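Note that the coordinates shown come from a computational prediction; the quantities given were computed from them, not determined experimentally. Numbering of residues begins at 1 and proceeds along the displayed sequence.
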Amino acid sequence: MTNNWDFYAVRIDNKPASIMVDLGIETDAPITSLPYVAYIRLYLKHASPLGMSSDPEFDVLSHIENTLEEALCDTSVGYVGRNTSDGCRDFYFYISQKETWHERVVAAFSTFSDYEYETRVREDNEWSTYFNFLLPGRLDKQRIQNRRVCEQLEKHGDALQRPRELDHWIYFPTQFALDSFLQEVSKVGFHLRETSNHAGTTLAYGARIFRQDTPSYDNIDEVVLFVFDIATKYEGKYDGWECAVMR
């Protein structure tokens with residue numbers, strides 16, 4: 001599949017869960033040559049009290065995942081994601097044909113005989129499991145992007161502790177929607193840096209706003225998702241943020 005993977009936290013059946021998913025394959029999916037979805041459910045041996053994976057099992061779980069990828073993935077099998085919840089880790093694959101799947105899984109697990117597992121296959125031409133279960137929604141995608149920007153700042157020596165001007169880009173379908181948005185966010189300290197007009201496009205009216213904030217992992221989602229929600233209220237699209245590196 002692709003190298004563009006990331007994770008996010010959710011709740012499934014009112015229980016905590018963590019999903020790791022191939023985000024990069026979204027633009028190509030559904031792949032018509034892989035019409036079946038298959039999952040392998042691995043029962044954790046050292047689950048946390050909340051049913052999640054724990055440090056004592058980290059290395060062996062990583063080894064199992066790598067082994068499954070190497071043994072199963074080829075032009076007829078694509079690994080697209082996994083879900084950890086309720087004492088289990090489910091690995092999801094899209095495959096071209098189902099007849100030999102169980103045999104291949106049994107062979108891949110031959111060196112992990114102390115682990116219980118099960119596997120199922122069903123037809124999924126539209127890749128509904130990928131789109132409706134594994135793939136994050138708009139808010140979770142934005143949280144992932146926030147974390148990625150913070151990680152890039154850290155890689156450049158930023159401790160993420162000092163407040164500075166954070167710039168945000170937003171686009172709207174009408175001038176009225178843009179003006180309404182700007183009026184609302186100005187009440188909580190955001191200032192207009194510049195506007196743009198891309199005539200002929202669906203979201204032609206753009207704005208770049210800024211405010212003093214701290215781009216820390218603990219703080220950034222609250223800041224960004226506030227702007228995100230107000231933009232959505234006026235049928236706008238939030239298009240990311242950036243700031244200067246402070247070493």
Worked verdict on L44 versus M52 for side-chain contact (heavy atoms from CB on, under 4.5 Å): CA-CA 9 Å; L44 304 180; M52 305 298 288; over 6 Å; no
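- Both F7 and I64 are members of a single hydrophobic cluster when ILVMFWY side chains are connected at heavy-atom separations under 4.5 Å.
- The closest donor-acceptor contact from the side chain of R211 to the backbone of V188 lies under 3.5 Å.
- With hydrogens and angles left out, the side-chain atoms of D239 and Y171 include no donor and acceptor closer than 3.5 Å.
- Both F131 and I12 are assigned to one and the same hydrophobic cluster, defined by single-linkage of ILVMFWY side chains at heavy-atom distances under 4.5 Å.
- Closest non-hydrogen pair, T67 versus A108, comes out as CG2-O, 3.9 Å.
- What you find for A177 and P173 is that their closest heavy atoms are CB-CD, 4.4 Å.
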Evaluation steps, side-chain contact (heavy atoms from CB on, under 4.5 Å), between F172 and E235: CA-CA 6 Å; F172 297 88; E235 300 182 330; over 6 Å; no
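- Using the six-membered ring where Trp is involved, F210 and H191 have ring planes that are tilted, between 30° and 60° apart.
- At distances below 3.5 Å, at least one donor-acceptor pair connects side-chain atoms of D124 with backbone N or O atoms of T129.
- The nearest pair of heavy atoms linking N125 to P35 is OD1-CB, 3.2 Å.
- At a threshold of 4.0 Å, the pair E194-R208 counts as salt-bridged, since one of the basic side-chain nitrogens sits closer than that to a carboxylate oxygen.
- Looking at T195, its side chain never comes within 3.5 Å of a backbone N or O of A207 through a donor-acceptor pair.
- For the pair I31/I25, a side-chain contact is recorded, criterion being any heavy-atom separation below 4.5 Å from C-beta on.
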Test L34 against M1 for side-chain contact (heavy atoms from CB on, under 4.5 Å), laying out the working first. CA-CA 12 Å; L34 304 175; M1 300 284 95; 4.2 Å; yes
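- Put simply, the side chain of R247 gets close to the backbone of H156: a donor and an acceptor are under 3.5 Å apart.
- Among all heavy-atom pairs drawn from I95 and K98, the shortest one is CD1-CA, 4.1 Å.
- Within the 6.0 Å centre-distance limit, the rings of W101 and F93 are counted as a close aromatic pair.
- Note: T2 OG1 to L23 CG = 7.5 Å, rounded to the nearest 0.5 Å.
- Results of the side-chain contact (heavy atoms from CB on, under 4.5 Å) test with L166 over V149, T214, D213, I209 single out D213 as the only residue that passes.
- Hydrophobic cluster membership differs between V21 and L42, with clusters built from Ile, Leu, Val, Met, Phe, Trp and Tyr side chains linked at under 4.5 angstrom.
- Judged by the 6.0 Å and 45° rule, K45 forms a cation-pi pair with Y115.
- Using a 4.5 Å cut-off on side-chain heavy atoms (C-beta onward), D13 and D86 make no contact.
- Side-chain atoms of Y217 and E151, non-hydrogen and from C-beta on, do get closer than 4.5 Å to each other.
- For CD of E184, the number of neighbouring non-hydrogen atoms (other residues, nucleotides, ligands) closer than 6.0 Å is greater than 12.
- Within the 4.5 Å cutoff, the side chain of W241 has no heavy atoms near those of the V223 side chain.
- The nearest pair of heavy atoms linking A47 to G87 is CB-CA, 4.0 Å.
- Annotation: cation-pi pair R143/F228 absent, no NZ/CZ under 6.0 Å from the ring centroid and within 45° of its normal.
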Give the C-alpha distance, both sets of side-chain angles, the deciding distance and a yes or no for side chain to side chain donor-acceptor pair (under 3.5 Å) between Y43 and E118. CA-CA 9 Å; Y43 292 91; E118 61 184 75; 2.6 Å; yes
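- Atom CG of D6 sits about 5.0 Å away from atom CD1 of I144, to the nearest 0.5 Å.
- Taken from CZ in F176 to OH in Y234, the straight-line distance is 8.0 Å, to the nearest 0.5 Å.
- Within a 6.0 Å radius of CZ in R164, other residues, nucleotides and ligands contribute more than 12 heavy atoms.
- Under the 4.5 Å side-chain heavy-atom criterion for grouping Ile, Leu, Val, Met, Phe, Trp and Tyr, L50 is not connected to Y8 through any hydrophobic cluster.
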side-chain contact (heavy atoms from CB on, under 4.5 Å) assessment of L68 paired with E65: CA-CA 5 Å; L68 292 177; E65 182 172 27; 5.8 Å; no
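- Annotation: side chain of T232 is not in contact with side chain of Y238 (no heavy-atom distance under 4.5 Å).
- Put simply, the side chain of D90 never gets that close to the backbone of N83: no donor and acceptor are under 3.5 Å apart.
- When only modelled atom types and interatomic distance are considered, D179 and Q183 share no side-chain donor-acceptor pair under 3.5 Å.
- Salt bridge annotation for R89-E57: absent, with no cationic side-chain nitrogen under 4.0 angstrom from a carboxylate oxygen.
- The line from CG of N66 to CG of L61 is 11.0 Å long, rounded to the nearest 0.5 Å.
- For Y94 and Y130, the ring centers are positioned 6.0 Å apart or more.
- Atom CG of D55 has 12 or fewer neighbouring heavy atoms from other residues, nucleotides or ligands inside a 6.0 Å radius.
- Under a hydrophobic clustering in which Ile, Leu, Val, Met, Phe, Trp and Tyr are joined whenever their side-chain heavy atoms come within less than 4.5 Å, directly or via other members, V37 and I19 fall into the same cluster.
- For T100 (side chain) and E103 (main-chain N/O), no donor-acceptor pair under 3.5 Å exists by modelled atom type.
- For the atom pair CD (Q142) and CD1 (I220), the distance works out to 9.0 Å, reported to the nearest 0.5 Å.
- With values rounded to the nearest 0.5 angstrom, Y117 atom OH is found 11.5 Å from F112 atom CZ.
- Side-chain atoms of Q152 and V245, non-hydrogen and from C-beta on, never get closer than 4.5 Å to each other.
- In this structure, E99 places its CD atom where more than 12 heavy-atom neighbours from other residues, nucleotides or ligands lie under 6.0 Å away.
- In this structure, S54 and S48 approach most closely via the heavy-atom pair CB-N, 4.5 Å.
- S76 places no side-chain N or O within donor-acceptor distance of the main-chain N or O of S96, the cut-off being under 3.5 Å.
- Below 30°, between 30° and 60°, or above 60°: for F190 and H168 the angle between ring planes is above 60°, a perpendicular geometry.
- Under the 3.5 Å distance criterion, with hydrogens and angles disregarded, no donor-acceptor pair is assigned to the side chains of S128 and N132.
- For the pair T119 (side chain) and Y39 (backbone), a donor-acceptor distance under 3.5 Å is present.
- Centroid-to-centroid, the aromatic rings of W5 and Y79 come within less than 6.0 Å.
- Side-chain N or O atoms of D158 include one that pairs as donor or acceptor with a backbone N or O of M246 at under 3.5 Å.
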